[in-house]
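Here is the naming used below: chain letters follow the sequence lines, and residue numbers restart at 1 for every chain.
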Amino acid sequence: MDIIKAIKGVKDILPEETPRWRFIEDAARRWALAYGYQEIRIPIFELTALFARSIGAATDIVEKEMYTFPDRDGTSLTLRPEGTAGTVRAFIEHNRAAEPLPQKYFYIGPMFRHERPQAGRLRQFHQFGVESFGTADPRVDVEAIALLWRLLSDLGLPDLTLEINSLGGTGDRAAYKPILLAFLSQHEASLCANCRRRMETNPLRVLDCKIPDCRAATESAPKLTEHLSPEARAHFDQVLAGLTAIGVPYQLNPRLVRGLDYYCLTSFEITSTHLGAQNAVGAGGRYDGLVETLGGPSVPAIGFAVGLERVSLMLPETASSSLHELLYYVAAFGEAGTKLGLVLLDELRRVGLSAQCDYRAATLKAHLRQADRSKCRYAILLGDDEASRGAVILRNLETKAQEELPLAGLASLLKSRNLAG
RNA sequence: GUGGGUGUAGCUCAGUUGGUUAGAGCGCCGGAUUGUGGAUCCGGAGGUCGCGGGUUCGAAACCCGUCACUCACCCCA
(Lines give C-alpha, C1' and ligand atoms only; values in the text may rest on other atoms or scores of the structure.)
Protein backbone atom coordinates (compact mmCIF):
# COMPACT_ATOMS: atom_id res chain seq x y z
CA MET A 1 0.00 0.00 0.00
CA ASP A 2 1.25 3.48 -0.83
CA ILE A 3 2.02 5.67 2.11
CA ILE A 4 0.18 8.96 2.31
CA LYS A 5 2.51 11.87 1.84
CA ALA A 6 2.16 15.56 2.61
CA ILE A 7 0.54 17.77 -0.01
CA LYS A 8 2.77 19.49 -2.54
CA GLY A 9 4.13 22.76 -1.24
CA VAL A 10 3.51 22.14 2.45
CA LYS A 11 6.26 21.28 4.88
CA ASP A 12 6.60 19.59 8.21
CA ILE A 13 8.62 21.54 10.72
CA LEU A 14 10.40 18.82 12.66
CA PRO A 15 11.63 19.07 16.26
CA GLU A 16 15.15 19.90 15.07
CA GLU A 17 13.80 23.03 13.38
CA THR A 18 11.16 24.25 15.83
CA PRO A 19 13.69 26.02 18.08
CA ARG A 20 14.67 28.32 15.23
CA TRP A 21 11.02 28.98 14.50
CA ARG A 22 10.31 29.78 18.13
CA PHE A 23 13.33 32.06 18.10
CA ILE A 24 11.97 33.98 15.11
CA GLU A 25 8.42 34.13 16.43
CA ASP A 26 9.57 35.23 19.87
CA ALA A 27 11.62 38.04 18.35
CA ALA A 28 8.67 39.15 16.22
CA ARG A 29 6.33 39.20 19.21
CA ARG A 30 8.86 41.03 21.36
CA TRP A 31 9.48 43.74 18.80
CA ALA A 32 5.81 44.17 17.95
CA LEU A 33 4.89 44.54 21.61
CA ALA A 34 7.72 47.04 22.08
CA TYR A 35 6.15 49.18 19.35
CA GLY A 36 2.73 48.94 20.94
CA TYR A 37 1.18 46.36 18.64
CA GLN A 38 -1.05 43.73 20.21
CA GLU A 39 -1.64 40.23 19.00
CA ILE A 40 -4.79 39.37 17.10
CA ARG A 41 -5.74 35.85 16.07
CA ILE A 42 -8.03 35.67 13.09
CA PRO A 43 -9.54 32.66 11.32
CA ILE A 44 -7.65 30.61 8.78
CA PHE A 45 -10.61 30.74 6.41
CA GLU A 46 -13.06 33.43 5.46
CA LEU A 47 -15.76 34.15 2.92
CA THR A 48 -14.16 34.24 -0.51
CA ALA A 49 -15.78 37.64 -1.14
CA LEU A 50 -13.60 39.21 1.55
CA PHE A 51 -10.39 38.50 -0.32
CA ALA A 52 -11.83 39.29 -3.74
CA ARG A 53 -12.97 42.67 -2.52
CA SER A 54 -9.85 43.64 -0.56
CA ILE A 55 -6.94 42.18 -2.49
CA GLY A 56 -8.52 42.94 -5.85
CA ALA A 57 -10.47 40.61 -8.13
CA ALA A 58 -8.02 41.07 -10.99
CA THR A 59 -4.88 40.24 -9.00
CA ASP A 60 -2.98 36.99 -9.50
CA ILE A 61 -3.64 35.99 -5.91
CA VAL A 62 -7.40 36.12 -6.31
CA GLU A 63 -7.51 34.97 -9.92
CA LYS A 64 -5.46 31.82 -9.65
CA GLU A 65 -3.76 31.29 -6.33
CA MET A 66 -6.46 30.95 -3.71
CA TYR A 67 -7.60 27.75 -2.06
CA THR A 68 -11.30 28.23 -2.57
CA PHE A 69 -13.93 25.61 -1.83
CA PRO A 70 -17.66 25.40 -1.22
CA ASP A 71 -18.89 24.95 2.33
CA ARG A 72 -21.53 22.28 2.88
CA ASP A 73 -24.29 24.78 2.15
CA GLY A 74 -22.54 25.97 -0.98
CA THR A 75 -21.06 29.18 0.43
CA SER A 76 -17.70 29.92 -1.13
CA LEU A 77 -14.91 29.89 1.44
CA THR A 78 -11.20 30.55 1.03
CA LEU A 79 -8.09 29.71 3.00
CA ARG A 80 -6.52 33.06 3.80
CA PRO A 81 -3.76 34.02 1.34
CA GLU A 82 -2.64 36.93 3.53
CA GLY A 83 -3.50 38.50 6.86
CA THR A 84 -4.61 42.04 6.17
CA ALA A 85 -8.08 41.24 4.84
CA GLY A 86 -9.07 39.21 7.88
CA THR A 87 -7.63 41.75 10.28
CA VAL A 88 -9.54 44.58 8.62
CA ARG A 89 -12.70 42.48 8.61
CA ALA A 90 -12.31 41.86 12.35
CA PHE A 91 -11.61 45.55 12.93
CA ILE A 92 -14.86 46.49 11.21
CA GLU A 93 -16.97 43.64 12.56
CA HIS A 94 -16.12 44.42 16.18
CA ASN A 95 -16.48 48.14 15.61
CA ARG A 96 -12.94 48.74 16.80
CA ALA A 97 -13.00 52.21 15.31
CA ALA A 98 -15.20 53.13 18.28
CA GLU A 99 -12.41 52.13 20.66
CA PRO A 100 -9.61 54.62 21.27
CA LEU A 101 -7.56 54.95 18.10
CA PRO A 102 -5.01 54.04 16.98
CA GLN A 103 -5.59 50.31 17.11
CA LYS A 104 -2.40 48.42 16.43
CA TYR A 105 -2.46 44.68 15.78
CA PHE A 106 0.00 42.00 14.87
CA TYR A 107 -0.53 38.42 13.79
CA ILE A 108 1.58 35.31 13.20
CA GLY A 109 0.31 32.30 11.34
CA PRO A 110 -0.03 30.19 8.21
CA MET A 111 -1.20 31.56 4.87
CA PHE A 112 -2.14 29.59 1.76
CA ARG A 113 -1.53 30.23 -1.90
CA HIS A 114 -1.67 27.70 -4.72
CA GLU A 115 1.61 28.45 -6.49
CA ARG A 116 4.36 26.24 -7.85
CA PRO A 117 6.69 25.76 -4.89
CA GLN A 118 10.25 26.98 -5.14
CA ALA A 119 12.96 28.33 -2.87
CA GLY A 120 11.27 30.59 -0.32
CA ARG A 121 7.80 29.95 -1.69
CA LEU A 122 5.40 27.34 -0.35
CA ARG A 123 1.69 26.70 -0.60
CA GLN A 124 1.31 26.82 3.14
CA PHE A 125 3.68 29.44 4.43
CA HIS A 126 3.86 31.64 7.49
CA GLN A 127 3.71 35.34 7.94
CA PHE A 128 4.20 37.78 10.73
CA GLY A 129 2.38 41.01 10.02
CA VAL A 130 1.24 44.21 11.66
CA GLU A 131 -1.63 46.56 10.92
CA SER A 132 -2.04 50.00 12.41
CA PHE A 133 -5.47 51.63 12.16
CA GLY A 134 -6.48 55.23 12.66
CA THR A 135 -3.37 57.31 12.03
CA ALA A 136 -2.71 59.18 8.81
CA ASP A 137 0.38 60.87 10.24
CA PRO A 138 3.55 59.92 8.33
CA ARG A 139 5.24 59.13 11.62
CA VAL A 140 3.20 55.95 11.85
CA ASP A 141 4.62 54.97 8.45
CA VAL A 142 8.07 55.56 9.89
CA GLU A 143 7.13 53.52 12.94
CA ALA A 144 5.95 50.53 10.92
CA ILE A 145 8.98 50.58 8.65
CA ALA A 146 11.27 50.97 11.65
CA LEU A 147 9.68 47.97 13.36
CA LEU A 148 10.22 45.86 10.25
CA TRP A 149 13.79 47.03 9.84
CA ARG A 150 14.77 46.66 13.48
CA LEU A 151 13.26 43.19 13.76
CA LEU A 152 15.05 41.85 10.69
CA SER A 153 18.29 43.51 11.71
CA ASP A 154 17.99 42.13 15.23
CA LEU A 155 17.63 38.63 13.79
CA GLY A 156 20.98 39.14 12.13
CA LEU A 157 19.75 38.65 8.57
CA PRO A 158 22.50 39.47 6.08
CA ASP A 159 22.53 42.12 3.35
CA LEU A 160 19.16 43.72 3.85
CA THR A 161 18.00 46.54 1.65
CA LEU A 162 14.98 48.70 2.37
CA GLU A 163 13.37 50.06 -0.76
CA ILE A 164 10.64 52.64 -0.59
CA ASN A 165 8.29 54.40 -2.93
CA SER A 166 5.11 56.41 -2.88
CA LEU A 167 2.13 55.24 -4.89
CA GLY A 168 0.32 58.50 -4.29
CA GLY A 169 -3.39 58.77 -3.63
CA THR A 170 -5.96 57.14 -5.89
CA GLY A 171 -6.36 60.43 -7.70
CA ASP A 172 -2.62 60.64 -8.30
CA ARG A 173 -2.52 57.19 -9.80
CA ALA A 174 -5.55 57.87 -11.98
CA ALA A 175 -3.86 61.00 -13.32
CA TYR A 176 -0.54 59.24 -13.79
CA LYS A 177 -1.79 56.18 -15.63
CA PRO A 178 -2.50 57.91 -18.97
CA ILE A 179 0.86 59.65 -18.78
CA LEU A 180 2.62 56.35 -18.24
CA LEU A 181 0.55 54.61 -20.89
CA ALA A 182 1.42 57.28 -23.43
CA PHE A 183 5.08 56.67 -22.75
CA LEU A 184 4.71 52.90 -22.85
CA SER A 185 2.91 52.80 -26.15
CA GLN A 186 5.75 54.79 -27.68
CA HIS A 187 8.17 52.10 -26.50
CA GLU A 188 5.87 49.12 -26.93
CA ALA A 189 8.16 47.48 -29.47
CA SER A 190 10.94 47.00 -26.92
CA LEU A 191 8.71 45.58 -24.20
CA CYS A 192 8.31 41.87 -23.50
CA ALA A 193 5.04 40.13 -24.29
CA ASN A 194 4.15 40.05 -20.64
CA CYS A 195 4.59 43.75 -20.25
CA ARG A 196 2.49 44.47 -23.32
CA ARG A 197 -0.25 42.46 -21.65
CA ARG A 198 0.33 44.32 -18.39
CA MET A 199 -0.19 47.63 -20.19
CA GLU A 200 -3.84 46.72 -20.25
CA THR A 201 -4.24 44.95 -16.93
CA ASN A 202 -1.95 46.89 -14.61
CA PRO A 203 0.39 49.35 -16.36
CA LEU A 204 2.24 50.23 -13.13
CA ARG A 205 3.60 46.72 -12.96
CA VAL A 206 5.48 47.21 -16.23
CA LEU A 207 7.90 49.33 -14.24
CA ASP A 208 8.48 46.37 -11.94
CA CYS A 209 9.47 43.95 -14.74
CA LYS A 210 12.78 42.21 -14.15
CA ILE A 211 13.70 41.67 -17.80
CA PRO A 212 16.71 43.88 -18.63
CA ASP A 213 15.29 45.07 -21.98
CA CYS A 214 12.10 46.20 -20.32
CA ARG A 215 14.02 47.94 -17.58
CA ALA A 216 16.10 49.76 -20.17
CA ALA A 217 13.04 50.74 -22.16
CA THR A 218 11.33 52.17 -19.09
CA GLU A 219 14.47 53.82 -17.72
CA SER A 220 13.31 57.24 -18.79
CA ALA A 221 9.62 56.63 -18.09
CA PRO A 222 7.83 59.37 -16.21
CA LYS A 223 7.93 58.57 -12.51
CA LEU A 224 4.86 58.37 -10.33
CA THR A 225 6.74 60.23 -7.64
CA GLU A 226 7.07 63.15 -10.04
CA HIS A 227 3.31 63.31 -10.40
CA LEU A 228 2.26 63.25 -6.77
CA SER A 229 -0.24 65.69 -5.39
CA PRO A 230 1.28 68.22 -2.97
CA GLU A 231 -0.28 66.33 -0.03
CA ALA A 232 1.11 62.97 -1.15
CA ARG A 233 4.48 64.55 -1.84
CA ALA A 234 4.59 66.14 1.61
CA HIS A 235 3.59 62.85 3.24
CA PHE A 236 6.34 60.99 1.41
CA ASP A 237 8.96 63.60 2.26
CA GLN A 238 8.06 63.41 5.93
CA VAL A 239 8.33 59.63 5.90
CA LEU A 240 11.78 59.84 4.35
CA ALA A 241 12.86 62.55 6.78
CA GLY A 242 11.63 60.43 9.68
CA LEU A 243 13.60 57.40 8.50
CA THR A 244 16.71 59.52 8.18
CA ALA A 245 16.18 60.95 11.66
CA ILE A 246 16.11 57.52 13.30
CA GLY A 247 18.90 56.15 11.15
CA VAL A 248 17.02 53.58 9.08
CA PRO A 249 18.79 53.44 5.71
CA TYR A 250 16.56 53.34 2.66
CA GLN A 251 16.81 53.33 -1.08
CA LEU A 252 14.28 55.11 -3.26
CA ASN A 253 12.82 52.79 -5.85
CA PRO A 254 10.37 54.50 -8.20
CA ARG A 255 9.63 51.13 -9.77
CA LEU A 256 8.43 49.53 -6.56
CA VAL A 257 4.79 48.57 -7.02
CA ARG A 258 2.84 46.33 -4.72
CA GLY A 259 0.85 43.47 -6.20
CA LEU A 260 -2.23 44.02 -4.10
CA ASP A 261 -4.76 46.62 -5.14
CA TYR A 262 -5.35 48.22 -1.77
CA TYR A 263 -2.02 49.96 -1.30
CA CYS A 264 -1.60 53.74 -1.58
CA LEU A 265 1.00 56.33 -0.64
CA THR A 266 3.95 54.77 1.21
CA SER A 267 5.02 51.43 -0.18
CA PHE A 268 8.10 49.55 0.96
CA GLU A 269 9.93 46.27 0.71
CA ILE A 270 12.95 44.71 2.35
CA THR A 271 14.98 42.40 0.17
CA SER A 272 18.14 40.38 0.56
CA THR A 273 20.57 39.00 -1.97
CA HIS A 274 20.76 35.78 0.05
CA LEU A 275 17.37 34.49 -0.95
CA GLY A 276 17.49 33.47 -4.60
CA ALA A 277 14.66 34.57 -6.82
CA GLN A 278 12.13 35.20 -4.08
CA ASN A 279 14.17 37.95 -2.52
CA ALA A 280 11.53 39.90 -0.59
CA VAL A 281 11.66 39.19 3.14
CA GLY A 282 9.04 41.66 4.18
CA ALA A 283 6.91 44.28 2.51
CA GLY A 284 3.98 46.51 3.13
CA GLY A 285 2.44 49.88 2.71
CA ARG A 286 -0.38 52.22 3.47
CA TYR A 287 -3.96 51.25 2.64
CA ASP A 288 -6.07 54.18 3.68
CA GLY A 289 -9.13 53.22 1.65
CA LEU A 290 -9.42 49.56 2.52
CA VAL A 291 -11.46 49.77 5.70
CA GLU A 292 -14.06 51.81 3.88
CA THR A 293 -13.98 49.53 0.85
CA LEU A 294 -14.89 46.64 3.12
CA GLY A 295 -17.84 48.51 4.57
CA GLY A 296 -16.24 50.16 7.58
CA PRO A 297 -15.68 53.79 8.45
CA SER A 298 -13.03 55.84 6.70
CA VAL A 299 -9.97 54.92 8.72
CA PRO A 300 -6.41 55.32 7.49
CA ALA A 301 -4.17 52.31 7.97
CA ILE A 302 -0.75 50.91 7.26
CA GLY A 303 0.83 47.51 7.65
CA PHE A 304 3.41 45.02 6.49
CA ALA A 305 3.98 41.29 6.35
CA VAL A 306 7.13 39.22 6.74
CA GLY A 307 7.66 35.82 5.13
CA LEU A 308 8.82 33.62 7.99
CA GLU A 309 10.17 30.82 5.79
CA ARG A 310 12.37 33.38 4.10
CA VAL A 311 13.55 34.70 7.43
CA SER A 312 14.33 31.15 8.48
CA LEU A 313 16.32 30.53 5.30
CA MET A 314 18.49 33.53 6.09
CA LEU A 315 18.77 33.17 9.84
CA PRO A 316 22.39 32.64 10.90
CA GLU A 317 22.92 29.13 12.26
CA THR A 318 24.26 30.37 15.58
CA ALA A 319 21.30 32.61 16.34
CA SER A 320 18.88 30.04 17.71
CA SER A 321 21.07 27.21 18.99
CA SER A 322 20.50 25.55 22.36
CA LEU A 323 17.26 27.30 23.15
CA HIS A 324 16.02 24.42 25.19
CA GLU A 325 17.88 21.81 27.08
CA LEU A 326 16.76 19.07 29.34
CA LEU A 327 18.19 19.12 32.79
CA TYR A 328 17.83 15.77 34.55
CA TYR A 329 17.91 12.20 33.37
CA VAL A 330 16.52 9.78 35.94
CA ALA A 331 18.47 6.54 35.65
CA ALA A 332 16.25 4.28 37.71
CA PHE A 333 17.06 0.59 37.58
CA GLY A 334 16.68 -2.54 39.64
CA GLU A 335 13.41 -3.54 41.23
CA ALA A 336 13.21 -0.97 44.01
CA GLY A 337 14.97 1.77 42.07
CA THR A 338 12.58 1.53 39.12
CA LYS A 339 9.57 2.00 41.39
CA LEU A 340 11.07 5.01 43.14
CA GLY A 341 12.21 6.46 39.82
CA LEU A 342 8.67 6.72 38.54
CA VAL A 343 7.73 8.82 41.57
CA LEU A 344 10.89 10.91 41.42
CA LEU A 345 10.29 11.81 37.76
CA ASP A 346 6.83 13.02 38.60
CA GLU A 347 8.10 15.08 41.53
CA LEU A 348 10.82 16.76 39.47
CA ARG A 349 8.37 17.70 36.77
CA ARG A 350 5.83 19.00 39.26
CA VAL A 351 8.31 21.49 40.66
CA GLY A 352 9.04 22.62 37.12
CA LEU A 353 12.31 20.87 36.38
CA SER A 354 12.64 19.14 33.04
CA ALA A 355 13.31 15.46 33.57
CA GLN A 356 13.65 12.56 31.22
CA CYS A 357 13.92 8.80 31.30
CA ASP A 358 14.10 6.04 28.74
CA TYR A 359 11.81 3.32 30.07
CA ARG A 360 13.38 0.72 27.79
CA ALA A 361 16.70 0.96 29.54
CA ALA A 362 17.14 -1.66 32.27
CA THR A 363 20.81 -1.29 33.12
CA LEU A 364 22.81 1.64 34.36
CA LYS A 365 24.96 1.49 31.26
CA ALA A 366 21.96 1.74 28.96
CA HIS A 367 20.56 4.58 31.01
CA LEU A 368 23.75 6.60 30.86
CA ARG A 369 23.94 6.19 27.12
CA GLN A 370 20.43 7.55 26.80
CA ALA A 371 21.24 10.34 29.24
CA ASP A 372 24.16 11.32 27.08
CA ARG A 373 22.12 11.27 23.90
CA SER A 374 19.26 13.27 25.33
CA LYS A 375 21.82 15.95 26.18
CA CYS A 376 20.75 16.22 29.81
CA ARG A 377 23.09 18.04 32.10
CA TYR A 378 22.70 15.68 35.07
CA ALA A 379 21.88 12.05 35.62
CA ILE A 380 20.21 10.94 38.80
CA LEU A 381 21.32 7.40 39.54
CA LEU A 382 18.80 5.38 41.49
CA GLY A 383 19.46 1.65 41.76
CA ASP A 384 18.64 -0.81 44.46
CA ASP A 385 21.70 0.20 46.52
CA GLU A 386 20.61 3.81 46.60
CA ALA A 387 17.00 2.80 47.17
CA SER A 388 17.95 0.87 50.28
CA ARG A 389 19.88 3.88 51.60
CA GLY A 390 17.06 6.27 50.74
CA ALA A 391 19.47 8.22 48.56
CA VAL A 392 20.38 8.98 44.96
CA ILE A 393 23.64 9.79 43.20
CA LEU A 394 23.62 13.02 41.26
CA ARG A 395 26.08 12.81 38.39
CA ASN A 396 27.19 15.80 36.40
CA LEU A 397 27.38 14.35 32.93
CA GLU A 398 29.92 16.84 31.71
CA THR A 399 32.40 16.87 34.60
CA LYS A 400 31.51 13.33 35.82
CA ALA A 401 31.45 14.67 39.40
CA GLN A 402 29.09 12.70 41.61
CA GLU A 403 27.49 13.40 44.96
CA GLU A 404 25.07 11.49 47.10
CA LEU A 405 21.84 13.24 48.05
CA PRO A 406 18.85 12.12 50.11
CA LEU A 407 15.90 10.92 48.04
CA ALA A 408 13.37 12.56 50.35
CA GLY A 409 12.78 16.15 49.29
CA LEU A 410 15.14 15.80 46.33
CA ALA A 411 12.91 17.63 43.86
CA SER A 412 12.62 20.76 45.99
CA LEU A 413 16.33 20.64 46.85
CA LEU A 414 17.25 20.57 43.15
CA LYS A 415 14.67 23.22 42.40
CA SER A 416 16.21 25.63 44.88
CA ARG A 417 19.69 24.86 43.57
CA ASN A 418 18.48 25.45 40.07
CA LEU A 419 17.08 28.85 41.01
CA ALA A 420 20.31 29.77 42.83
CA GLY A 421 22.51 28.62 39.95
C1' G B 1 0.22 27.30 -16.12
C1' U B 2 5.58 27.04 -18.72
C1' G B 3 10.76 25.50 -18.74
C1' G B 4 15.45 23.14 -16.69
C1' G B 5 17.80 19.71 -13.10
C1' U B 6 17.56 15.42 -9.89
C1' G B 7 15.36 10.49 -8.18
C1' U B 8 20.09 4.15 -5.34
C1' A B 9 19.52 2.27 2.73
C1' G B 10 16.61 6.75 7.86
C1' C B 11 20.49 10.85 6.01
C1' U B 12 24.72 12.25 2.53
C1' C B 13 26.28 9.94 -1.64
C1' A B 14 29.54 5.96 -4.78
C1' G B 15 28.28 2.42 -8.48
C1' U B 16 33.54 1.79 -14.60
C1' U B 17 32.16 1.10 -22.00
C1' G B 18 25.24 -2.32 -19.80
C1' G B 19 27.79 -8.24 -16.89
C1' U B 20 26.79 -12.64 -11.49
C1' U B 21 24.17 -12.37 -4.52
C1' A B 22 23.90 -3.43 -5.21
C1' G B 23 28.26 -0.49 -1.90
C1' A B 24 30.50 3.30 1.64
C1' G B 25 30.21 6.97 5.52
C1' C B 26 26.96 8.74 9.20
C1' G B 27 22.72 7.16 11.98
C1' C B 28 20.04 2.91 14.24
C1' C B 29 20.13 -2.01 17.09
C1' G B 30 23.35 -5.56 19.70
C1' G B 31 28.10 -7.10 21.89
C1' A B 32 33.41 -6.30 24.14
C1' U B 33 31.66 -10.71 31.90
C1' U B 34 29.28 -9.02 37.23
C1' G B 35 26.46 -0.91 38.66
C1' U B 36 29.00 4.29 35.17
C1' G B 37 27.75 7.49 29.06
C1' G B 38 30.49 9.93 24.68
C1' A B 39 35.86 7.10 22.09
C1' U B 40 37.55 2.52 19.88
C1' C B 41 36.78 -2.43 18.10
C1' C B 42 33.41 -6.40 16.53
C1' G B 43 28.67 -7.91 14.79
C1' G B 44 23.57 -6.98 12.93
C1' A B 45 19.13 -5.01 10.77
C1' G B 46 17.70 -1.95 6.75
C1' G B 47 17.10 -1.20 -0.58
C1' U B 48 11.03 -4.25 -5.72
C1' C B 49 17.93 1.28 -7.50
C1' G B 50 10.69 6.59 -7.72
C1' C B 51 6.91 3.87 -10.77
C1' G B 52 5.34 1.60 -15.62
C1' G B 53 6.69 0.01 -20.28
C1' G B 54 10.57 -0.86 -24.09
C1' U B 55 15.66 -2.34 -26.15
C1' U B 56 19.01 -6.58 -24.74
C1' C B 57 21.28 -13.14 -23.59
C1' G B 58 21.63 -9.55 -19.46
C1' A B 59 19.38 -2.78 -17.20
C1' A B 60 20.48 0.93 -11.17
C1' A B 61 22.90 2.30 -15.96
C1' C B 62 20.27 3.02 -22.62
C1' C B 63 15.10 4.74 -24.78
C1' C B 64 9.86 6.31 -23.96
C1' G B 65 6.14 7.55 -20.60
C1' U B 66 4.66 8.83 -15.74
C1' C B 67 5.06 10.55 -10.73
C1' A B 68 7.76 13.01 -6.96
C1' C B 69 11.27 16.48 -5.42
C1' U B 70 13.95 20.82 -6.75
C1' C B 71 15.36 25.43 -9.20
C1' A B 72 13.68 29.18 -12.43
C1' C B 73 9.67 31.94 -15.23
C1' C B 74 5.05 34.09 -13.63
C1' C B 75 3.65 36.27 -9.11
C1' C B 76 4.55 37.35 -4.20
C1' A B 77 6.08 37.57 1.97
Side-chain angles (χ1 to χ4, degrees), chain A residues 2-3 5-9 11 14 16 28 55 59-66 81-84 107-130 148 152 192-195 197-198 201-202 205 208-211 256-260 263 268-272 275-285 303-314 329 331-334 337 358 360-376 378-387 393 395-402:
Chain A
D2 286 348
I3 58 165
K5 300 206 288 182
I7 297 165
K8 181 198 281 287
K11 269 215 157 43
L14 297 171
E16 290 80 2
I55 298 169
T59 56
D60 278 13
I61 293 179
V62 172
E63 269 185 348
K64 49 190 186 191
E65 294 174 3
M66 294 205 303
E82 52 102 58
T84 300
Y107 58 84
I108 297 182
M111 307 294 166
F112 307 85
R113 294 183 199 173
H114 186 105
E115 302 183 88
R116 280 287 281 271
Q118 82 192 64
R121 196 178 74 182
L122 295 172
R123 290 187 174 178
Q124 173 173 342
F125 60 105
H126 298 79
Q127 286 189 334
F128 158 70
V130 313
L148 175 59
L152 299 183
C192 69
N194 243 321
C195 280
R197 181 178 53 81
R198 278 194 275 237
T201 56
N202 193 346
R205 294 212 60 85
D208 206 25
C209 186
K210 286 169 192 154
I211 296 172
L256 182 67
V257 176
R258 310 270 64 228
L260 288 66
Y263 286 114
F268 53 95
E269 182 168 296
I270 292 187
T271 58
S272 170
L275 273 178
Q278 310 303 318
N279 64 353
V281 197
F304 67 73
V306 174
L308 264 25
E309 275 77 8
R310 295 180 187 180
V311 170
S312 180
L313 283 173
M314 292 167 63
Y329 183 96
F333 57 104
D358 180 356
R360 299 170 309 170
T363 63
L364 179 56
K365 185 195 188 81
H367 269 129
L368 283 171
R369 195 168 71 233
Q370 289 306 117
D372 180 54
R373 276 204 247 196
S374 58
K375 298 191 168 60
C376 287
Y378 298 96
I380 296 172
L381 314 190
L382 178 49
D384 287 345
D385 292 358
E386 289 76 18
I393 293 169
R395 176 179 176 86
N396 182 319
L397 287 167
E398 203 180 333
T399 67
K400 301 186 181 187
Q402 298 192 164

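When the side-chain nitrogen and oxygen atoms of A:K11 are compared with OP1 and OP2 of B:U70, one or more of them lie within a distance under 4.0 Å. Phosphate contact (OP1/OP2 of B:C28, side-chain N/O of A:R373, threshold under 4.0 Å): present. Applying the 4.0 Å criterion to OP1 and OP2 of B:A72, one finds that A:Q118 has a side-chain N or O inside that range.
Summarising the geometry, atom CD belonging to A:E309 is positioned 10.5 Å from atom CE belonging to A:M111; distances are rounded to the nearest 0.5 Å. Interatomic distance, OH of A:Y263 versus OG1 of A:T84, reported as 5.5 Å (0.5 Å rounding). Within the model, atoms NE2 of A:H114 and CD of A:Q124 stand 14.5 Å from one another, a figure rounded to the nearest 0.5 Å.
Atom-to-atom, CG of A:N396 to P of B:G38 comes out at 17 Å; the value is rounded to the nearest Å. One atom, CZ of A:R369, and another, C1' of B:G31, lie 10 Å apart when rounded to the nearest Å. Rounded to an integer number of Å, the gap from CZ of A:F333 to P of B:U34 is 13 Å. In this structure, CZ of A:R123 is placed 10 Å from P of B:A68, rounded to the nearest angstrom. Taking atom NZ of residue A:K8 and atom P of nucleotide B:C67, one finds them 10 Å apart after rounding to whole Å.
Here the nucleotide nearest the side chain of A:Q127, chosen from B:G37, B:C71, B:A77, is B:A77. The side chain of A:R395 sits closest to B:U36 out of B:A72, B:C76, B:U36. Listed nucleotides B:A77, B:G37, B:C76 differ in distance to A:N279; the shortest reach to its side chain belongs to B:C76. Side chain of A:A305, nearest nucleotide from B:G37, B:A77, B:G35: B:A77. Of the listed nucleotides (B:G37, B:A68, B:A77), B:A68 has the atom at the smallest distance from the side chain of A:K5. Checking B:A77, B:G30, B:C71 against every side-chain atom of A:F125, the shortest atom distance belongs to B:A77. Side chain of A:R116, nearest nucleotide from B:G35, B:G38, B:U70: B:U70. With distances taken from any side-chain atom of A:Q278 to the nucleotides B:G38, B:C29, B:C74, the minimum falls on B:C74. Among the nucleotides B:A72, B:A77, B:U36, the one closest to the side chain of A:L381 is B:U36.
A distance of about 16 Å separates the C1' atoms of B:C26 and B:A39, rounded to the whole Å. When the C1' atom is used for both B:U48 and B:G7, the distance is 16 Å, rounded to whole Å. Taking atom P in both B:C67 and B:U55, the straight-line distance is 23 Å, to the nearest Å. Annotation: B:U17 and B:C62 have their P atoms spaced 11 Å apart (nearest Å). Here, B:C51 and B:G38 have their C1' atoms 43 Å apart, quoted to the whole Å. As rounded to the nearest Å, B:A14 and B:U8 have P atoms that lie 10 Å from one another. Of the C1' atoms belonging to B:C13 and B:G47, the separation is 14 Å, rounded to the nearest Å. Comparing the C1' positions of B:A22 and B:A9 gives an interatomic distance of 11 Å, to the nearest angstrom.
Looking at every heavy atom in both residues, A:A277 comes nearest to A:Q118 through CB-NE2, 3.9 Å.
Judged by distance alone, with hydrogens and angles left aside, A:E115 brings no side-chain donor or acceptor close enough to the base of B:G1 to form a pair under 3.5 Å. Taking 3.5 Å as the limit, the base of B:C29 and the side chain of A:R360 contain no donor-acceptor pair of atoms between them. For B:C74, the base has a donor-acceptor partner in the side chain of A:R121 [N/O atoms by modelled type, under 3.5 angstrom].
Side-chain atoms of A:L397 and A:L368, non-hydrogen and from C-beta on, do get closer than 4.5 Å to each other. Proximity of A:H126 to A:I108: side-chain heavy atoms (C-beta onward) are nowhere separated by under 4.5 Å.
No engagement by A:Q370 is indicated, since no non-hydrogen atom pair under 4.0 Å with the nucleic acid exists. As judged by a 4.0 angstrom heavy-atom cut-off over every strand, A:E63 is placed among residues making no nucleic acid contact. A:G129 comes within contact range of no nucleotide atom at all, as no heavy-atom separation falls under 4.0 Å. If you check every strand for non-hydrogen atoms under 4.0 Å, A:K400 touches a base.
Two residues, A:I393 and A:L122, neighbour RNA chain B, and the one matched to the more 5' nucleotide by heavy-atom proximity is A:I393. Where A:G9 and A:A371 each meet RNA chain B at their nearest nucleotide, the meeting point lying more 5' is that of A:A371.
Pairing for B:U40 is with B:A32, a Watson-Crick or G-U wobble pair whose two hydrogen-bonding atom distances lie under 3.5 Å. Partner assigned to B:A24 is B:U12, using Watson-Crick or G-U wobble distances below 3.5 angstrom. Nucleotide B:G65: paired with B:C51 (Watson-Crick or G-U wobble, both distances less than 3.5 Å). Searching all strands for a Watson-Crick or G-U wobble partner of B:A72 with both distances below 3.5 Å returns B:U2. Partner assigned to B:C57 is B:G19, using Watson-Crick or G-U wobble distances below 3.5 angstrom.
When atom types are taken as modelled, the side chain of A:Y329 and the backbone of A:D358 share a donor-acceptor pair closer than 3.5 angstrom. Put simply, the side chain of A:R123 never gets that close to the backbone of A:P117: no donor and acceptor are under 3.5 Å apart.
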